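In what follows, a structure is listed as C-alpha cells, so that the remarks can point back to it.
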Amino acid sequence: MSKYTAPPYMNDVLPFPSKKEAWLHTARWRYVESAFRAVCRRYGYREIRTPILEQTELFTRSIGEATDIVSKEMFTFTDRGGRSMTLKPEGTAPAVRACLEHNLFNEHPVLKLYYQGQNFRYERGQKGRYRQHQQLGVEVFGSTDAAIDAEVIQLAMEFYRTIGITEQELHINSVGTPESRKAYLEALRDFTRPNLEQFSQEGQMRFEVNPLRMLDTKDSGDLKLLEGAPNLVDFLDDDSREHFELLQAYLTSAGVPYVIDHRLVRGFDYYTRTAFEIVGKNLGAQSALGGGGRYDGLVAECGGTSTPGIGFGLGMERCMLVLDTLGIELPADDERPLAFVVTLGDEKTVRPVAVKLLSELRAAGIAVDMDYRYKKFGQQARTADELGARYLLVLGEGEIAEGVVGLRDQATKEQRNVPLAEVTQELLALA
RNA sequence: GCGAUUGUAGCUCAGUAGGUUAGAGUGCCAGGUUGUGGCCCUGGAGGUCGUGGGUUCGAGCCCCAUCAUUCGCCCCA
C-alpha cells in the first residue's frame with residue numbers, strides 16, 4: 001500500500017473499470033451525469049455552480065441547529081481570516097444564497113435551476129455513505145403551484161428511467177407548515193405516550209429526539225403499536241391540504257402512479273408541504289433512490305423576501321451503486337480510441353511515419369493512440385485491446401514502401417490495405 | 001458519536017501450535033520467436049508482512065497503541 005491514502009470514507013473514481021468496484025469508473029459517472037443534464041435541459045432548467053464552501057452560519061441557520069448534520073457532521077474550519085467556513089453538506093442553501101446575492105429572484109420570477117456538486121458530511125462511512133458525495137439536484141423558486149411540484153417529480157423519475165432504472169415507486173406526503181407539524185407532533189406524542197415502555201429502545205429514543213422518526217421504524221412491535229396513529233395529513237391547514245390534493249390531481253392526470261406514505265418525513269427544518277421520495281423496487285435496504293420537497297420558508301430564513309421553493313436531490317454514489325446492484329449495462333467507455341497504430345520492422349524507419357500518421361488523424365478529430373514501449377506486434381495489439389480500440393492501423397516497412405497502412409478490424413480480424421492518403425476518410429466513415 | 005471487521009508481491013489470497021532464506025495463482029519484464037498478438041515453454045524482477053512499541057532465545061502469527069479498510073447502528077444522499 002502506498003504511503004498516502006484518500007481521505008477517510010472518500011473515493012477515487014478511476015479511468016479504468018475495476019472488477020471489485022465497477023461503479024468507481026469515470027466513464028460510468030460521465031454517462032449518468034450527462035443523462036441528468038439532458039433531462040434537465042428538456043425540462044427547461046439552467047445550471048448553477050456555487051463554491052464548495054460557505055460561511056458556516058448559512059448552514060446552521062437554514063438546516064437547523066438540532067439536526068445531526070449541523071450538530072455533528074459538518075466539515076468546519078477557521079480560515080486564515082478568522083472566519084468559520086464549512087464545506088457544503090447540501091446544495092439547496094448555497095443555491096439560495098447565490099440567487100439572493102445576484103438578485104436572480106427579482107430578475108427571474110420563476111427560476112428553474114439544476115446543479116451538480118460535491119457535498120461533505122463528517123460521519124462514519126458505510127456502503128453508500130461517504131464523507132464526500134456528489135449530489136445531482138434541481139431547485140425551483142418563485143411558485144407555489146402544485147404543478148411545479150409535479151414537474152420536479154416527473155423530472156426525477158424520467159432521469160432514473162433514462163439511465164435504465166425503470167422499476168420505481170413514488171412516495172408522497174405533505175408535512176404542512178411548521179405550525180401544523182408542531183400540532184401533529186403533540187398528537188403523535190399523546191398517542192404513543194401511554195404505551196411508550198413497550199416500544200423498542202430505539203423507538204423510545206426517537207420519541208424524545210424526533211417523534212416523526214418513530215413512524216419510520218422497521219421494528220414489527222413498534223409498527224403494531226403505531227397502528228391507528230394519527231396521520232400528518234389530518235393536521236394540515238386548509239391551504240396545505242388543497243395543495244396536496246392538487247399535486248395528486250396533477251400526478252394522476254400526467255399518468256404518474258404514486259402512493260401516499262404517511263411515514264415519509266424529511267430531515268431538514270426548512271421543509272414545508274410536499275415531501276417525496278423515489279424508491280427502487282427489489283433493492284432491499286438501499287432502496288431510496290432520491291427525494292425532495294418544498295421549502296417555502298427557506299429563502300426568507302436566508303434573508304430574502306419570502307419566496308417559495310421546491311427541490312429534488314440524489315446522491316451519485318448511491319445511484320451508481322444501484323445501477324451495479326441492478327446489473328444495468330451502461331454504454332461503452334467513451335474514452336476508447338477508435339484506432340491504434342501498431343508498428344513493425346525497423347523503428348528508425350517506421351516510428352516517424354507512425355508519429356506523423358497519429359498527428360494527422362488527431363487533427364482530423366479521430367481518437368487514436370499507439371504503444372510507446374517499442375514492443376512486439378502481439379504486445380502492441382494487446383495494449384490496443386486493453387484500451388478498447390476498434391481498429392488497428394498496421395504500419396511496417398512494407399506498407400510504407402507501398403504508401404499504405406493495414407486497417408485491421410479488431411472484431412472480425414479482417415485486414416486490408418488502405419492508401420495512407422485515404423486513412424483519415426476511411427476512419428471518419430467508420431467512426 | 002457507538003459497535004464490529006480486515007491490513008502479507010501491482011491484483012486475488014495462503015502461511016499450520018510462535019521456529020532457518022515469507023509462498024501460490026495472476027499480472028509485469030526478458031528470451032524461445034527482428035513483420036501479424038492473445039496459447040505454450042524457460043528464466044527474471046518485485047515484500048520495511050500497514051506503522052510504532054512490547055513479550056520471547058526467536059514474532060507475519062501473541063499483547064498494547066496508532067493509522068488505514070470494510071460493514072452495521074444513529075442519521076442521511
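All values derive from a computational prediction rather than experimental measurement.
- What separates CG of A/Asp68 from P of B/A77 is a distance of 11 Å, to the nearest Å.
- Contact between the side-chain N/O atoms of A/Arg206 and the OP1/OP2 oxygens of B/C75 is found at a separation under 4.0 Å.
- If you take CZ of A/Phe59 and P of B/C76, they are 17 Å apart, rounded to a whole angstrom.
- Annotation: B/U20 and B/G58 have their P atoms spaced 15 Å apart (nearest Å).
- If you take atom C1' in B/G27 and the same atom in B/U69, they sit 23 Å apart, rounded to whole Å.
- Side-chain atoms of A/Arg121 never come within 3.5 Å of backbone atoms of A/Ile69 as a donor-acceptor pair (strictly under, hydrogens ignored).
- Remark: the A/Gln116 side chain and the A/Gln134 side chain contain an N/O donor-acceptor pair separated by less than 3.5 Å.
- Between the CE atom of A/Met205 and the C1' atom of B/C73 there is a distance of 9 Å, given to the nearest Å.
- Residue pairs that meet the salt bridge (Lys or Arg N to Asp or Glu O under 4.0 Å) test with at least one member in residues 343-354 of chain A, sequence neighbours left out, do not exist here.
- A side-chain donor from one of A/Thr92 and A/Glu139 sits under 3.5 Å from a side-chain acceptor of the other.
- The separation of B/C57 from B/C67, taken at their P atoms, amounts to 32 Å, rounded to a whole angstrom.
- For A/Asp324, the side chain to side chain donor-acceptor pair (under 3.5 Å) partners two or more places apart in sequence, or in a different chain, are A/Arg28.
- Residue A/Tyr122 is the one, among A/Tyr122 and A/Arg131, whose nearest nucleotide of RNA chain B lies closer to the 5' end (criterion: closest heavy atom).
- A/Asp385 and A/Gln410 share a donor-acceptor pair across their side chains, judged by distance under 3.5 Å alone.
- Here A/Gly125 lies in heavy-atom contact (under 4.0 Å) with a base.
- Between A/Glu277 atom CD and B/A77 atom C1' there is a gap of 10 Å when expressed in whole angstrom units.
- If you find the closest nucleotide of RNA chain B to A/Glu317 and to A/Pro8, the one lying nearer the 5' end belongs to A/Pro8.
- Only the P atoms considered, B/A9 is 14 Å distant from B/A24, to the nearest whole Å.
- A heavy atom closer than 4.0 Å to some atom of RNA chain B occurs in no member of residues 23-33 of chain A.
- Summarising the geometry, the separation between CD on A/Gln116 and P on B/A77 is reported as 18 Å, rounded to the nearest angstrom.
- Residue pairs meeting the ring-ring contact (aromatic ring centres under 6.0 Å, His included) criterion with at least one member in residues 147-194 of chain A, sequence neighbours excluded, are A/Phe36-A/Phe159, A/Tyr184-A/Phe235.
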query: What string of B, S and - do you get for nucleotides 24-42 of chain B, 5' to 3', when a contact is any protein heavy atom under 4.0 Å?
result: ---SSSS----BBBB----

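- Comparing B/C73 with B/G47, their C1' atoms sit 38 Å apart, to the nearest whole Å.
- For A/Arg124, the listed nucleotide lying nearest its side chain is B/G1; candidates were B/G1, B/C75, B/C76.
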message: For Watson-Crick and G-U wobble pairs within 3.5 Å on both distances, what is RNA chain B written in dot-bracket notation, | included for inter-strand pairing?
response: ((((.((..((((.....[...)))).(((((.......))))).....(((((..]....))))))).))))....

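- A straight line from NE2 of A/His133 to C1' of B/C76 spans 8 Å, rounded to a whole angstrom.
- For the P atoms, the distance from B/A77 to B/A65 is 36 Å, rounded to whole Å.
- Relative ring orientation between A/Phe312 and A/Phe276 is described as parallel, the plane-to-plane angle staying below 30° on a 0-90° scale split at 30° and 60°.
- The nearest whole Å value for the distance from the CD atom in A/Glu202 to the P atom in B/C2 is 18 Å.
- Contact annotation: A/Lys20 reaches the phosphate of B/U12 (side-chain N/O to OP1 or OP2, under 4.0 Å).
- With A/Glu399 contributing its side chain and A/Gly396 its backbone, the two residues share a donor-acceptor pair below 3.5 Å.
- Taking atom C1' in both B/G19 and B/G37, one finds a spacing of 48 Å when rounded to whole Å.
- Of the candidates B/A77, B/C73, B/U70, the closest approach to any side-chain atom of A/Tyr9 belongs to B/U70.
- For A/Lys375, the NZ atom sits in a packed shell: over 12 heavy atoms of surrounding residues, nucleotides or ligands are nearer than 6.0 Å.
- With P as the reference atom, B/C41 and B/G23 are 22 Å apart, rounded to whole Å.
- Between the side chain of A/Glu123 and the base of B/A77, at least one donor-acceptor pair of N or O atoms lies under 3.5 Å.
- Both tests hold for A/Arg131 against A/Tyr122: distance to the six-membered ring centre under 6.0 Å, angle to the ring axis within 45°.
- Of the possible polar contacts, one joining the A/Thr26 side chain to the A/Leu14 backbone as a donor-acceptor pair under 3.5 Å is found.
- Under the 3.5 Å distance criterion, with hydrogens and angles disregarded, a donor-acceptor pair is assigned to the side chains of A/Glu151 and A/Tyr45.
- Following rounding to the nearest Å, A/Met10 (CE) and B/A77 (P) show an atom-to-atom distance of 18 Å.
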